[in-house]
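Atoms within a ligand are numbered from 1 in the order they appear, just like the ligands themselves. Please read these numbers as outputs of a predicted model, since none were measured by experiment.
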Amino acid sequence: GFSVELLLILLYYYSNETRSVRFVSLKGRDFLTLKDFTGQEIMDMVNLGIDLKAKLKAGIPTPILTGKSLGMIFQKASTRTRVSFEVGMYQLGGQALFLSSHDLQIGRGEPIQDTARVLSRYVDGILIRTFSHKEVEDLAKYADVPVINGLTDDFHPTQVIADLITIQEHKKRIKGLKFAYVGDGNNMTHSLMIGGAKTGMDVMVACPEGYMPNAEIVALAQQYAAEYGGSVSVMHDPLEAIAGADVVYTDTWASMGQEAEKEIRQKAFAGYQVDSAKMALAQPDAIFMHCLPAYRGYEVTDEVMESAQSVVFDEAENRLHAHKAIMASVM
Ligand code: CP
Ligand code: NVA
């Protein structure tokens, strides 16, 4: 029959097994969109980010990725994403390489499939910021190392991990909060709807006619919301979205690649500016968020950006902690 020793040995292995499985469960995974992660996995990265932030502030080193390298391909401009991934990798004991598409052979026509396989022989992870989301999927398909989406025309998932850290810090909870997004139905909107739905928020999105988020992504986010106990609603009226909100979020009216449409867009978005009058409709303790860069006088007033409710620089700081959590999880 069973001896106590055997039972103890089994228990020992079982507990280690579950611990390690949970700890390494995201190792080797790509981070392309939040569609690919459960609400629990998203919250695990958020909580790891909060933990890494506390350790950094306390001066406790976190050499989780010693000896590892991250290649960072940028086909669009970046301040926050580039600097925070680079510094974050350094703080984790590894190194990051900034690879501008102007200098890479990609710019001269080397296919992404070949670039993926070559870089995989040198680095332990690849971050890419580009236009087409399909390009990121192709890179991930051909790379042998994890690929992290640093923004495409359709999604900006790393930003949302930082946003959730910021919401948790300022509101002390995420589930059940009312989250309002006002402005262009863009890459931010898509990732916020998915991330918000999977963390149980009530997401209200207000955009002008012709600038609504992708209908398939809205439907998907609504499916996630049903599963996780939140909701996702899209509408045209910004006042309806903001009324009673705990979090008010906006983003530029003209994203990277849409510079030529700037003037048409400024007309279409008149009435969608987040100003003090609109903020007054939200909860008195509502926070204002923006992924940045912000264009004062367009999607947001200078007054709201500089108000006590604005947490945009905490949010920008949290990119660092979020990205360290993402890298430590998948690499
Ligand atoms: N929010 C954000 O992604 O900023 P950057 O474009 O500066 O990276
Ligand atoms: N929607 C913006 C986000 C910038 C971080 C863009 O794609 O340009």
Taking only non-hydrogen atoms of Leu292 and a 4.0 Å limit, the atoms of ligand 2 in range are 5 (C)

Would you mind listing the cluster partners of Leu56? Hydrophobic ones only (ILVMFWY), side-chain contacts under 4.5 Å, chaining allowed.
Val83, Val87, Leu320

Can we say Lys76 and Asp153 salt-bridge, meaning some charged N sits less than 4.0 Å from an Asp/Glu carboxylate O?
yes

Using the ring centroid of each side chain, check whether Tyr298 and Phe269 are separated by less than 6.0 Å.
no

Is there any N or O on His156 that sits under 3.5 Å from an N or O of ligand 2?
no

Counting only pairs under 3.5 Å, give me each side-chain donor-acceptor contact of residues 116-123, with atom names and distances, residues two or more places apart or in other chains.
unit_1, atom_1, unit_2, atom_2, d
Arg117, NE, Gln113, O, 3.0
Arg117, NH2, Asp114, OD1, 2.9
Ser120, OG, Ala116, O, 2.7
Ser120, OG, Asp144, N, 2.9

Sidechain N-carboxylate O distance under 4.0 Å for Lys198, Glu41
no

Below 3.5 Å, N or O to N or O, backbone or side chain included: is there any such pair between Asn187 and ligand 2?
yes

For atom 2 (C) of ligand 1, find the nearest protein heavy atom and state the residue, atom name and distance (0.1 Å precision).
Arg319 NH1, 3.1 Å

How about Leu239: does its CG atom have over 12 heavy atoms from other parts shown lying under 6.0 Å from it?
yes

When you look for heavy atoms under 4.0 Å from ligand 2, do you find them on the side chain of Leu151, its backbone, both, or neither?
side chain

Any side-chain heavy atom of Leu48 sitting closer than 4.5 Å to one from His321?
no

Quick one: which of Ser191, Pro293, Ala294, Ser255 has a heavy atom closest to atom 2 (C) of ligand 2?
Ser255

Could you see which bit of Asp153 sits under 4.0 Å from ligand 2, with heavy atoms only: side chain, backbone, both or neither?
neither

Under 4.0 angstrom from ligand 1, any heavy atom of Leu292?
yes

Quick one: does Lys76 get within less than 4.0 Å of ligand 1, heavy atoms only?
no

Enumerate the atoms of ligand 1 whose separation from the nearest heavy atom of Thr79 is less than 4.0 angstrom.
5 (P), 7 (O), 8 (O)

To which protein heavy atom is atom 4 (O) of ligand 1 closest, and what is the distance rounded to 0.1 Å?
Arg80 NE, 2.8 Å

Please confirm whether Arg265 makes a cation-pi placement over Tyr211, using NZ or CZ under 6.0 Å from the six-membered ring centre and within 45° of the ring normal.
no

Based purely on interatomic distance, does Asp251 place a nitrogen or oxygen under 3.5 Å from a nitrogen or oxygen of ligand 2?
yes

For atom 8 (O) of ligand 2, find the nearest protein heavy atom and state the residue, atom name and distance (0.1 Å precision).
Met256 N, 2.8 Å

Atom 6 (O) of ligand 1 - nearest protein heavy atom and its distance:
Arg129 NH1, 2.8 Å

Pairwise side-chain contact, Leu92 with Met331, heavy-atom cut-off 4.5 Å (strictly under)
no

Does any N or O in the side chain of Arg129 come within less than 3.5 Å of the main-chain N or O of Gly150, such that one atom is a donor and the other an acceptor?
yes

Is Met256 close to ligand 1, meaning an N/O of one under 3.5 Å from an N/O of the other?
no

Taking only non-hydrogen atoms of His156 and a 4.0 Å limit, the atoms of ligand 1 in range are 2 (C), 3 (O)

